[in-house]
Amino acid sequence: MNFNIITLGCKVNQYESQAMREDMLKNGFLLSDDRDRADITIVNSCTVTSVSDAKNRKILNRVRRENPDGIVILTGCMPQAFPEESENFSNCDIVLGNAKRAELVPSIYKFLEEKQKFVHITEHIGKGEKYENLSVSSLGEHTRAFIKIEDGCNRFCSYCIIPYARGRVRSKSLEDLKAELIQVAANGYREVVLVGINLSAYGLDEDFNLADAVECACSVDGIDRVRLGSIEPERMDKEMIARLAAQPKFCPQFHLSLQSGCDNTLKAMNRHYNCSEYAEIVTNLRNAFENSSMTTDVMVGFAGETEEDFNASLNFVKSIGFAKVHIFPYSRRKGTVADKAPNQIDPQIKEQRAKIMEQVCDETRRKFLKDQVGLCESVLVERLRHGYLEGYTKNYTPVHINSEDTSLCGKIIDVKITKSFDDYCDAELV
């Protein structure tokens with residue numbers, strides 16, 4: 001039997017889909033040659049917003065329509081967060097919760113034998129729940145490997161459903177991490193990105209922390225670059241930063257989640273820092289790392305956000321000078337505190353604020369890229385496209401290299417950045 005996996009959402013979901021893919025292949029299933037048709041289709045869902053749920057259902061409807069006799073499997077965050085909403089499962093034959101990916105293959109065999117819908121979702125038990133020890137050896141055609149090291153979140157931001165979908169903080173052991181990294185390096189990956197649901201909390205449930213994971217990754221022969229996925233400001237103290245800065249393989253790119261540059265809004269969001277504390281962390285990072293880049297997420301139009309609050313957020317974001325910002329209007333999420341909050345913002349106002357924020361962030365993006373011109377940097381080359389090589393520097397500046405030498409793909413080379421544009425830089429081989 002052949003199969004497809006459709007992945008929605010974050011890098012953690014991508015990692016988990018790859019783990020399921022390897023499990024299926026190991027058990028004799030074949031990857032389908034047709035992206036739309038397969039004997040078995042696995043949908044790994046995201047539920048971060050209500051829009052995500054609508055997209056999940058749309059995909060499930062399409063999969064069932066195109067594969068009327070196939071087996072349709074739903075897993076991921078949506079069934080885990082909303083197990084009672086059976087309408088989400090109407091087009092599914094098998095439904096697995098977030099902690100049941102190891103049951104994937106046995107569930108398929110059970111369905112083939114009994115021909116009855118199978119739903120297996122167990123509630124997260126909170127403190128003491130064990131980390132689901134998935135592992136991968138490769139990640140398709142990518143030049144970098146995303147390695148999940150942490151699951152769950154204890155923060156309970158007022159707008160977020162993820163603690164209900166993912167449970168509390170749980171961490172991969174350093175021994176398991178090193179074994180996985182050795183395998184990934186043996187398969188030719190030169191760069192790894194450590195990811196998690198709340199990556200900064202890695203080791204919170206144990207006696208280690210994120211710096212230990214970075215040091216572990218940097219110690220593996222064959223791994224030349226180590227990055228972090230999205231991190232929360234929590235636990236990024238001076239000691240943590242100093243340990244990261246001591247690792248030559250560590251890449252000085254920090255996606256430091258902000259959400260709002262207004263203290264009033266941060267408090268309403270139940271974020272555990274204020275703007276002053278966030279700015280201090282950014283300063284400490286910039287002092288420790290030469291030519292580092294700061295990227296972030298910013299939400300506009302949160303419940304109760306006044307025009308004054310928005311302007312405060314706008315000015316703060318401008319003052320930080322981010323290299324790139326993901327901007328999104330607040331989307332109400334059933335099951336969260338913020339969904340029931342008064343003074344919800346009109347959608348048109350949200351869109352207007354998003355456009356204004358985008359204009360400011362486009363300016364800081366252009367300035368960051370302009371500041372890269374004239375620098376000599378190392379680049380991990382990803383592919384040849386439109387007559388030039390594409391890749392990223394250590395601080396994740398996208399560059400177009402004036403070369404068509406495909407033998408350089410997958411290698412780390414030195415370039416000089418010669419020109420900047422709105423979203424990338426040109427470079428010449430050194």
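Numbers here are sequence positions counted from 1. Predicted model, so just to flag it, every value in this text is computed and none were measured.
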Spatial distance of atom CD1 (Ile413) from atom CG (Leu389) [nearest 0.5 Å]: 6.5 Å

Scanning both residues in full, the closest heavy-atom pair of Val136 with Val184 reads O-CG2, 3.8 Å

Check whether any side-chain heavy atom of Asp414 sits under 4.5 Å from a side-chain heavy atom of Cys376, and report yes or no. no

Going by atom types alone, do Gln259 and Ser257 pair a side-chain donor with an acceptor below 3.5 Å? yes

Does the side chain of Asn274 pick up a donor-acceptor pair with the side chain of Ser276 at under 3.5 Å? no

Please indicate whether Glu290 has more than 12 foreign heavy atoms, meaning atoms of other residues, nucleotides or ligands, lying under 6.0 Å from its CD. no

Using 4.0 Å as the upper bound for N to carboxylate O, is an ion pair formed by Asp212 and Arg243? yes

For Ser407 and Asp405, which I'm curious about, is there any donor-acceptor pair between the side chains at under 3.5 Å? yes

For Cys218, is there any backbone N or O sitting under 3.5 Å from a side-chain donor or acceptor partner on Lys249? yes

Does atom CG of Asp34 have more than 12 heavy-atom neighbours, drawn from other residues, nucleotides or ligands, at distances under 6.0 Å? yes

Hey, could you give me the OG1/CE distance between Thr364 and Met294, rounded to the nearest 0.5 Å? 13.0 Å

So, Thr7 and Ser17: side-chain donor and acceptor under 3.5 Å apart, yes or no? yes

With salt bridge (charged side-chain N to carboxylate O under 4.0 Å, His left out) as the test, would you mind laying out the steps for Arg166 and Glu16 before giving the verdict? CA-CA 13 Å; Arg166 288 282 180 173; Glu16 291 166 345; 2.7 Å; yes

Close side-chain approach of Ser158 to Thr336, heavy-atom, < 4.5 Å: no

Would you please classify the geometry between the Tyr273 ring and the Tyr278 ring as parallel, tilted or perpendicular, with 30° and 60° separating the classes? tilted

What is the distance from atom CG of Leu181 to atom CG of Leu174, rounded to the nearest 0.5 Å? 10.0 Å

I'd like to know if Arg37 pairs up with Glu66 as an ion pair, taking the criterion as any Lys NZ or Arg NE/NH1/NH2 lying under 4.0 Å from an Asp or Glu carboxylate oxygen. no

Salt bridge check, Lys394 against Glu377: does any charged N sit closer than 4.0 Å to a carboxylate O? no

Mind running side chain to side chain contact (heavy atoms under 4.5 Å, CB included) on Ile6 and Thr41 for me, showing each step along the way? CA-CA 7 Å; Ile6 299 172; Thr41 303; 4.0 Å; yes

Could you grab the distance from atom SG of Cys92 to atom CG of Leu60, nearest 0.5 Å is fine? 4.5 Å

Please tell me whether Asp53 and Ser50 have a donor and an acceptor in their side chains that are separated by less than 3.5 angstrom. no

The test is side chain to side chain contact (heavy atoms under 4.5 Å, CB included); show your working for Met24 and Val105 and say whether it passes. CA-CA 7 Å; Met24 292 286 285; Val105 171; 4.0 Å; yes

Considering residues, nucleotides and ligands other than Lys367, do more than 12 of their heavy atoms fall under 6.0 Å from its NZ? no

One thing to verify: whether Glu428 and Lys416 come together as a salt bridge, which I'm taking to mean a side-chain N less than 4.0 angstrom from a carboxylate O. no

Using a 6.0 Å cut-off, check whether atom NZ of Lys324 has over 12 heavy atoms from anything other than its own residue. no

In His326, His255, Arg365, the residue satisfying side-chain hydrogen bond (donor to acceptor under 3.5 Å, both in side chains) with Thr295 is His255

Show your reasoning for whether salt bridge (charged side-chain N to carboxylate O under 4.0 Å, His left out) applies to Arg366 and Asp423. CA-CA 7 Å; Arg366 285 190 290 268; Asp423 204 41; over 6 Å; no

Does one side chain, of Thr47 or Arg333, offer a donor that lies under 3.5 Å from an acceptor on the other? yes

Qualifying residue for side-chain contact (heavy atoms from CB on, under 4.5 Å) with Lys172, from Glu150, Glu180, Lys148: Glu180

With side chain to side chain contact (heavy atoms under 4.5 Å, CB included) as the criterion, how do Asn56 and Asn88 come out once you've worked through the C-alpha distance, each side chain's angles and the decisive distance to 0.1 Å? CA-CA 9 Å; Asn56 295 330; Asn88 291 336; over 6 Å; no

Test log, rule side chain to side chain contact (heavy atoms under 4.5 Å, CB included), inputs Phe3 and Leu25: CA-CA 9 Å; Phe3 71 97; Leu25 293 172; 3.9 Å; yes

Does either side chain, that of Arg225 or that of Ser378, offer a donor lying less than 3.5 Å from an acceptor on the other one? yes

Just by distance, no angles: are the side chains of Thr397 and Asn395 close enough, under 3.5 Å, to form a donor-acceptor pair? yes

Are the side chain of Asp176 and the backbone of Asn133 linked by a donor-acceptor contact shorter than 3.5 Å? no

Tell me yes or no: between the side chains of Arg235 and Asn209, is some donor less than 3.5 Å from an acceptor? no

Grab the two heavy atoms, one from Leu258 and one from Thr296, that are nearest each other, plus how far apart they are. N-OG1, 3.0 Å

Atom NE2 of His120 and atom NZ of Lys100: how far apart are they, to the nearest 0.5 Å? 4.0 Å

Quiz question: by atom type and distance under 3.5 Å, do the side chains of Glu22 and Gln18 form a donor-acceptor pair? yes

Indicate, with yes or no, if the rings of Tyr396 and Phe254 have centres closer together than 6.0 Å. no

No-hydrogen, no-angle side-chain donor-acceptor test under 3.5 Å, Asn91 and Asn61: yes

Measure up the Tyr202 and Phe208 rings against each other and bin them: parallel (under 30°), tilted (30 to 60°), perpendicular (over 60°). tilted

Nearest heavy-atom approach of Leu210 to Ser200 is CD2-CA, 4.3 Å

Heavy-atom neighbours of Lys55 NZ exceed 12 at 6.0 Å: no

Side chains of Asn291 and Gln372, donor plus acceptor under 3.5 Å: yes

Below 4.5 Å, heavy atoms only, C-beta onward: do Leu369 and Ile417 meet side chain to side chain? no

Derivation of the ring-ring contact (aromatic ring centres under 6.0 Å, His included) call for Phe250 and Phe289: CA-CA 10 Å; Phe250 183 73; Phe289 295 93; 5.8 Å; yes

Heavy atoms from other residues, nucleotides or ligands near CD of Glu85 exceed 12 (cutoff 6.0 Å): yes

Before giving the answer on side chain to side chain donor-acceptor pair (under 3.5 Å), spell out for Asn270 and Arg155 the whole-Å C-alpha distance, their side-chain angles and the decisive distance to 0.1 Å. CA-CA 8 Å; Asn270 195 33; Arg155 295 176 65 89; over 6 Å; no

Please name the pair of heavy atoms, one in Arg64 and one in Gly70, separated by the smallest distance, quoted to 0.1 Å. NH1-O, 2.9 Å

Is Glu132 salt-bridged to Arg170, going by a charged N under 4.0 Å from an acidic O? no

Within-4.5 Å side-chain heavy-atom neighbours: Thr393 and Val399: yes

Ignoring hydrogens, what is the shortest heavy-atom contact between Ala185 and Asp221? Give both atom names and the distance. CB-O, 3.6 Å

Just by distance, with hydrogens left out, do Arg332 and Thr49 show a side-chain donor and acceptor under 3.5 Å apart? no

Starting at CG of Leu104, measure out to CD1 of Ile40 and round the result to the nearest 0.5 Å. 8.0 Å

